[in-house]
Number of protein chains: 2
Amino acid sequence: MAATDPIEDLVADVFARACTSRGVLENVAGKWGILALAALSDGAYRFNALRRRVDGISEKMLAQTLHALERDGLVRRDVQGTIPPRVEYSLTPIGEKISFKLLELIELVEGEMPEVHAARARYDDTRR
Amino acid sequence: MAATDPIEDLVADVFARACTSRGVLENVAGKWGILALAALSDGAYRFNALRRRVDGISEKMLAQTLHALERDGLVRRDVQGTIPPRVEYSLTPIGEKISFKLLELIELVEGEMPEVHAARARYDDTRR
DNA sequence: CCGCATCCTAAAGGATACTG
DNA sequence: CAGTATCCTTTAGGATGCGG
C-alpha cells in the first residue's frame, strides 16, 4: 500500500472494520437516511409532513432515522411548546453539505436508470 | 408541488414508494455496496483480495453484493477459465461514475467526523 | 481459488395501540 | 400532532460444509 494518492489517504480507513465513519455512512446513505436528508434539502419539515414526503416509511423508522441523524449533528430538531405540539426538522450546515452530495448521487443514479434496466434485462436473460 | 427547480424534477420520483431507482440506491449506497464500489475504484480485484480489502465482509455478503452490482451493470466480472479459477471484478463506465461520487461522499463524511463525534457527545450528554 | 447451499441467529422493519 | 412501546414478521447476515 503506497498511499501516495491524496484521495486514497482520506478514504483508506473506511475499509477497516472498526472505522467509526462506517456507522455514519450507514445512517446517511442507508435506505431511509438518504431519503430523509434529500427531502430536508428543500427546507424544514414537520414530522408528519416529512412522513408523507418520504413515501413508504413507517412512523417507527422515520423517528429512528431522525434520531440517528440528529445525534450525528446533521439534523436539527426545533420544538415549539404549543398545543398541539409542533416539531420542525431541518438540516444543520453539515447536514446540508452531505445532503447536497446525496442529491448529486441520486441525480446521477436516476440519469443512468435506462442503462441499469437494460443491464438487468441482459443479466436476467442470459441465465433463464 | 411546483417542480420548477430542475434538480427537484430529477429527484422527485425517488420519494415515491414504487420508484425503481430506490432499489439501485440501496445496492449502491448500502452498507456493503458503497465499500465494494469504493474499493474497486482503484482497479480490478480478485474475489478474495476484495474480501480482504473490505474488512469485515463475509464471503456470502460479498458474493451477494457483487451479484447485485453486476446485474445493475456497475461491476464487470471477468472469468479466466484457468485452474485454479481466476475471477476479476472491475467497474464498468457507469460504475466508475457512481464510485467517484461515492468517494466524494466518503471523503466529505470523513472530513466532518470530528464535528460528528462532538455532536454525539453533546447529544448523549444532555440525556444522561 | 471461487463460490454456491444450508442452517441458524440477530437485526431491521411494519402494524397496532397508547400517551402528552 | 408528535411521538413511545409492544408485538410480530421479514430480512440481513454469519458459520459451516461441499463442489467446480
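Bear in mind the structure is a predicted one, so any value in this text is a computation, not a measurement.
- When all heavy atoms of A:Leu37 and A:Ser99 are compared, the closest pair comes out as O-OG, 2.9 Å.
- Spacing between atom CG of A:Leu62 and atom P of D:dT4 amounts to 11 Å, rounded to whole angstrom units.
- Put simply, CG on A:Leu50 is 11 Å from P on D:dG3, counting in whole angstrom units.
- The CH2-P distance, from A:Trp32 to D:dT11, rounds to 14 Å in whole Å.
- At D:dC1, none of the side-chain N or O atoms of A:Tyr89 fall inside 4.0 Å of OP1 or OP2 (strictly under the cut-off).
- In this structure, B:Leu40 and B:Arg76 have side chains that are not in contact, with every pair of non-hydrogen atoms separated by 4.5 Å or more.
- Between the CD1 atom of B:Ile98 and the OG1 atom of B:Thr92 there is a distance of 8.0 Å, given to the nearest 0.5 Å.
- Tested against B:Lys97, the residues A:Glu104, A:Glu115, A:Glu112 include a single salt bridge (charged side-chain N to carboxylate O under 4.0 Å, His left out) partner, A:Glu112.
- In this structure, CG of B:Asn27 is placed 14 Å from C1' of D:dA12, rounded to the nearest angstrom.
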Parsed dot-bracket for DNA chain D after applying the Watson-Crick and G-U rules with both distances under 3.5 Å and | for other-strand partners is ||||||||||||||||||.|
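- Following rounding to the nearest Å, A:Met61 (CE) and D:dG3 (P) show an atom-to-atom distance of 15 Å.
- Every residue two or more places apart in sequence or in another chain that forms a side chain to side chain contact (heavy atoms under 4.5 Å, CB included) with B:Arg52 is listed here: B:Asn48, B:Ala49.
- B:Asp13 is listed as a side-chain neighbour of A:Glu110, based on a closest heavy-atom distance under 4.5 Å.
- For A:Pro85 and A:Ala63, each mapped to the nucleotide of DNA chain D holding its nearest heavy atom, the one lying further toward the 5' end belongs to A:Pro85.
- For the pair A:Leu66 CG and D:dC1 P, the interatomic distance rounds to 16 Å; values are reported in whole Å.
- Comparing D:dG3, D:dG13, D:dC1 by their nearest atom to the side chain of B:Lys31 picks out D:dG13.
- Using a 4.5 Å cut-off on side-chain heavy atoms (C-beta onward), A:Ile106 and B:Ser21 make no contact.
- Comparing D:dT6, D:dG3, D:dC1 by their nearest atom to the side chain of A:Lys60 picks out D:dT6.
- When DNA chain C is scanned 5' to 3' for any atom under 4.0 Å from a heavy atom of chain B, the first and last hits are C:dC1 to C:dC7.
- OP1 or OP2 of D:dG3 has at least one side-chain nitrogen or oxygen of A:Arg77 nearer than 4.0 Å.
- Remark: side-chain polar atoms of B:Asp55 are paired, donor with acceptor, to backbone N or O of A:Arg17 under 3.5 angstrom.
- Counting any heavy atom pair closer than 4.0 Å across all strands shown, A:Gln64 reaches no nucleic acid atom.
- Side-chain contact between B:Thr65 and B:Val54 is absent, with no heavy atoms from C-beta onward closer than 4.5 Å.
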